[in-house]
Amino acid sequence: MNPIFAGLPVSIFEEMSALAREHQAINLGQGFPDDPGPEDVRRKAAEAVVSGWNQYPPMLGLPELRQAVARHYLDHQGLEVDAAREVMVTSGATEALAGALLALVEPGDEVVLFEPAYDAYLPLVRRAGGVPRFVKLAPPDWRFTAAQLAEAITPRTRVVLLNNPQNPSGAVYGPAELQLLADATAGTRAIVVADEVWEHVVFDGRRHTSVLAIPDLRARSVKIGSAGKIFCLTGWKVGFVVAAPELLKVLAKAHQYITFTTPPNLQSAVAYGLGKPAAHFEAMREDLQARRDRLARGLGAAGLAALPTEGTYFLNVDLAPMGLRDDAAFCRRLVAEAGVAAIPVSAFYADASMRSVVRFCFAKNDATLDGAVARLSEAAPRLAR
Ligand code: PMP
Ligand code: GLN
C-alpha cells in the first residue's frame with residue numbers, strides 16, 4: 001500500500017464528529033451550518049433530478065454553469081473570465097485541489113504551504129511527489145511577510161498553495177499581501193494555486209480579493225471555488241477552477257481521469273444560485289457575522305477570549321494565556337467533559353510548533369450556540385486547570 005495514505009489517521013473532522021456523536025456533544029468542530037441552505041437553490045436541484053438530464057454532462061461542466069461562474073466573478077469580484085476557455089467544474093474544491101497538484105507537480109518539485117494548512121493539502125502534495133516548504137503563521141493575526149516568502153520560495157518552487165480567506169485561522173489577505181506573493185514569485189516558475197472557497201464569507205465590510213485580480217498573477221494562478229461554501233450547502237461537492245487557458249488545459253487532463261464529471265442536476269442548481277442578487281450574499285454575510293459575534297461574546301463570558309476572525313465559519317481561542325499547551329488534549333476533554341466538540345488547530349501544522357489554539361464553528365443557530373456557551377461556561381473553570 002502507498003505509505004502516505006496508509007500512514008494517515010482519519011481526518012480530524014471525522015474524528016471529532018465521531019466523538020461528538022459518542023458523547024452527545026454539541027458539534028462546533030467540523031464546519032457545516034445548521035441552516036439547510038437556500039430553499040430555491042435546493043428546489044432547482046430537486047427539479048433537475050426529476051425532470052432534467054441525469055446522464056454524463058460535458059467533461060468541463062455544463063455550459064450554463066461555466067457561464068454563470070464567469071458572470072458571478074465579474075459581478076462580485078470584477079474579474080474578466082472567459083467561460084469557454086478558463087472555467088472548469090469539479091466535484092468540489094477538494095477534487096480541484098487534488099487535480100491541480102497532480103497536474104502541476106513533478107516529483108521533487110517544491111510546494112509552498114502556509115501553516116495552518118487545510119488538512120487535505122499536505123497529504124495531496126506528498127502523494128504528488130511534492131516537497132513541502134512551510135510559511136508559518138501565528139496568532140493573533142496570522143499575517144505573512146515578504147521575508148518569509150523570500151525564504152520559502154526557491155528556483156525549485158512549482159506551486160504556492162494559498163488559502164484565502166483562510167481556514168482555520170479566519171484571516172483574510174488583501175491586495176497588498178497578494179502583491180507580496182506576486183513579487184516573491186516574479187520571474188520564477190511558480191504557479192499560485194489559490195483555494196478561495198470562503199470568498200463570500202468575509203466580515204466587517206471586507207471584500208474578497210482574488211489572486212486573479214492581481215495583474216502580475218493573472219496568467220500564472222489557479223483560482224478554486226466551491227458552491228458548498230457559497231451557498232452553505234457543504235455536502236454539495238460542486239467546485240470550480242478558473243485559470244488561464246494554457247493552465248486550464250492541463251488541469252482538465254487531471255480532472256478527466258479523477259472524476260470526469262460532476263452531477264448535472266447539482267450543476268444546474270448552482271448555475272441558478274450564482275445568479276441570485278447581491279443582496280442574497282450580503283444577507284448571508286450579515287447573518288454569519290451576527291453568529292460570529294454571538295459566539296465570540298459567549299466564549300468571552302466563559303473566559304475563553306476569541307481571536308479576531310475576518311472570514312470563514314470559524315473562531316479561534318488561544319489557550320496559551322491560560323497556561324494550556326495541548327490543544328488536542330483540551331479538545332478531547334472538552335467533548336467528553338463539557339459536551340462541546342471543537343477542532344485542535346495543531347492538526348493543521350506538520351510539526352508540534354503550534355499546540356495552543358482551538359477552532360469553533362459558529363455557523364449554527366442561536367440555540368446551538370447558546371447551548372454550547374452554557375456548557376463551556378460551566379466547564380471552563382475546570383478545564384483551565
Ligand atoms: N478548502 C478549504 C479551505 C475548505 O475549508 C474546504 C471545506 N471546508 C474545502 C477546501 C473543501 O471544499 P469542497 O467541499 O468543495 O471539496
Ligand atoms: N472543511 C470543513 C472544516 O474545515 C471540513 C471538511 C471535511 O470534513 N473534510 O471543518
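For ligands, and for the atoms within them, numbers begin at 1 and follow the listed sequence.
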Which residue and atom name correspond to the protein heavy atom nearest [atom], and how close is it?
atom: atom 11 (C) of ligand 1; result: Thr94 OG1, 3.4 Å
atom: atom 7 (C) of ligand 2; result: Phe13 CD1, 3.5 Å
atom: atom 14 (O) of ligand 1; result: Lys237 NZ, 2.8 Å
atom: atom 12 (O) of ligand 1; result: Ala93 CB, 3.5 Å
atom: atom 7 (C) of ligand 1; result: Lys229 NZ, 2.4 Å
atom: atom 8 (O) of ligand 2; result: Gln30 NE2, 2.7 Å
atom: atom 1 (N) of ligand 1; result: Asp195 OD2, 2.6 Å

- Query: Taking everything shown except Arg189 itself, do over 12 heavy atoms lie less than 6.0 Å from its CZ?
  - Reply: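 Enclosed.
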State whether [X] and [Y] are salt-bridged, where the test is any N-O pair (Lys NZ or Arg NE/NH1/NH2 against Asp/Glu carboxylate O) under 4.0 Å.
X: Arg291; Y: Glu286; value: no
X: Lys136; Y: Asp351; value: yes
X: Glu282; Y: Arg285; value: yes
X: Asp141; Y: Arg143; value: no
X: Arg158; Y: Glu106; value: no

- Query: Does a side-chain heavy-atom distance below 4.5 Å link Glu115 with Leu137?
  - Reply: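 They are not in side-chain contact.
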- Query: Looking at Asn167, which atoms of ligand 2 are within less than 4.0 Å of one of its heavy atoms?
  - Reply: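 Close to Asn167: 1 (N), 3 (C), 4 (O).
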Are [X] and [Y] near enough that their ring centres are under 6.0 Å apart?
X: His200; Y: His72; value: yes
X: Trp198; Y: Phe314; value: yes
X: His76; Y: Phe281; value: yes

What atoms in ligand 1 come closer than 4.0 Å to a heavy atom of [X]?
X: Ser226; answer: 13 (P), 15 (O)
X: Gly92; answer: 15 (O), 16 (O)
X: Asn163; answer: 3 (C)

- Message: Taking a cutoff of less than 4.0 Å between a non-hydrogen atom of the residue and any ligand atom, is Trp236 in contact with ligand 1?
- Response: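 Checking ligand 1 against Trp236, which is what was asked, there is no heavy-atom contact under 4.0 Å.
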- With respect to atom 2 (C) of ligand 2, which of Gly31, Ala363, Ser11, Cys361 exhibits the smallest heavy-atom separation? Gly31
- Run down the list Phe314, Phe32, Tyr118, Trp198 and name the one with the heavy atom closest to atom 6 (C) of ligand 2.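 Checking each option, the heavy atom nearest atom 6 (C) of ligand 2 is found in Tyr118.
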- Is there a nitrogen or oxygen of Trp198 sitting under 3.5 Å from a nitrogen or oxygen of ligand 1? yes
- Hey, does the Lys NZ or Arg CZ of Lys364 hover above the aromatic six-ring of Phe32, less than 6.0 Å from the centre and inside 45° of the axis? yes
- Query: Does Ile343 approach ligand 2 within less than 4.0 angstrom via side chain, backbone, both or neither, non-hydrogen atoms only?
  - Reply: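 Answer for Ile343: neither.
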- Message: Please classify the Arg359 to ligand 2 contact at 4.0 Å (heavy-atom distances, strictly less than): side chain, backbone, both or neither.
- Response: side chain
